[in-house]
Amino acid sequence: MSEKWDKRFLALASHIAGWSKDPSTQVGCVVVGPDREIRSTGFNGFPRGIEDSIARLENRELKYPLICHAEENAIMHAARIGISLKGCTAYVTWPPCSRCARSLIQAGVDEVVYPAESEIPERWGDDFEIATSMMNEAGLAVRSA
């Protein structure tokens, strides 16, 4: 895709990240097909039907077992409505973690794009390195724009 389209889809992912109710981290994902068609979107949040109260969202011990990451939500939404993500590009507001890298690989995504100015908290650094290594090994193009 061109730089113009990369910026557009990353801006859309950023907008969608704002839909997350997580008070500490908001992440958005837009999965786009080869003809620049939006196949699915996702943001980090609890599964459907699970109450996303402030008490749960502000307590990491309660939040982490419940929360779906943006990439996972985009993949699961596509599966729920019968849309293939094979051969698609995922635009994400942060580099994927190892959990999401596994899911993106298994969903058949070919490329992952995230903002060049992403600032990763130190606690996530090692995990993002593992994730990038996995995606590279599996043949996904991973780049910042």
Distance from T41 atom OG1 to L12 atom CG, nearest 0.5 Å?
7.5 Å
Would you find a donor on one side and an acceptor on the other, under 3.5 Å apart, between the side chain of S40 and the backbone of A74?
yes
Can you tell if the side chain of H69 reaches within under 4.5 Å of the side chain of V27, non-hydrogen atoms only?
no
Under the salt bridge (charged side-chain N to carboxylate O under 4.0 Å, His left out) definition, can you give me all pairs with a residue in residues 125-134, not counting sequence neighbours?
none
Compare every heavy atom of V109 with every heavy atom of C88, then report the nearest pair and how far apart it is.
O-CG1, 3.4 Å
Rounded to the nearest 0.5 Å, the CG atom of N44 sits from the CD1 atom of I16 at a distance of 12.0 Å
How long is the gap from CD1 on I54 to CG on N59, to the nearest 0.5 Å?
12.5 Å
Smallest heavy-atom separation, P96 atom then A101 atom, equals CB-N, 4.2 Å
Would you say the side-chain atoms of T93 pair up with the backbone N or O of G28, donor to acceptor, closer than 3.5 Å?
yes
For F9, which residues count as a ring-ring contact (aromatic ring centres under 6.0 Å, His included) partner, sequence neighbours excluded?
W5, Y91
Spatial distance of atom CD (E61) from atom CG (L66) [nearest 0.5 Å]:
12.0 Å
Residue pairs passing the salt bridge (charged side-chain N to carboxylate O under 4.0 Å, His left out) test with at least one member in residues 99-111, sequence neighbours excluded, are E72-R99, E111-R143
Rounded to the nearest 0.5 Å, the CZ atom of R56 sits from the CD1 atom of I67 at a distance of 11.5 Å
Give the cluster check for M135 versus I130: same hydrophobic cluster or not, with ILVMFWY residues linked at side-chain heavy-atom distances below 4.5 Å.
yes
Indicate if V113 and F43 have the same hydrophobic cluster label, given that clusters are the connected sets of ILVMFWY residues with side-chain heavy-atom separations under 4.5 angstrom.
yes
Can a donor-acceptor pair be found, under 3.5 Å and without considering hydrogens, that links the side chain of S118 to the backbone of P115?
yes
Just so I know, are the side chains of C97 and F128 near enough to count as touching, which here means a heavy-atom distance under 4.5 Å?
yes
Main-chain N/O of T132 paired with N136 side-chain donor or acceptor, under 3.5 Å:
yes
Same cluster for I50 and M76 if Ile/Leu/Val/Met/Phe/Trp/Tyr side chains link at under 4.5 Å?
no
Any chance you could lay out the side chain to side chain contact (heavy atoms under 4.5 Å, CB included) test for V31 and L104, step after step, and finish with the verdict?
CA-CA 10 Å; V31 185; L104 291 163; 5.6 Å; no
Can you tell me how far apart CG (L62) and CZ (F46) are? Round to the nearest 0.5 Å.
8.0 Å
Might you point out which heavy atoms bring C29 and A90 nearest each other, and give the distance in Å?
SG-CB, 4.3 Å
So, the side chain of E71 versus the backbone of C100: is there a donor-acceptor pair under 3.5 Å, distance only?
no
Can you run down the salt bridge (charged side-chain N to carboxylate O under 4.0 Å, His left out) pairs that involve residues 76-91, sequence neighbours left out, and say none if there aren't any?
none
Restricting to salt bridge (Lys or Arg N to Asp or Glu O under 4.0 Å), what partner residues turn up for E37, sequence neighbours left out?
R39
Pair S24-R60, side chain to side chain contact (heavy atoms under 4.5 Å, CB included): steps then yes or no:
CA-CA 10 Å; S24 64; R60 289 177 192 245; 4.2 Å; yes
Single-linkage hydrophobic cluster, 4.5 Å side-chain cutoff, V32 and W94 together
no
Salt bridge (charged side-chain N to carboxylate O under 4.0 Å, His left out): which pairs involve residues 8-24, sequence neighbours left out?
K21-D52, D22-K63
Do L140 and L85 belong to the same hydrophobic cluster, where Ile, Leu, Val, Met, Phe, Trp and Tyr are linked whenever their side-chain heavy atoms lie under 4.5 Å apart, directly or via other members?
yes
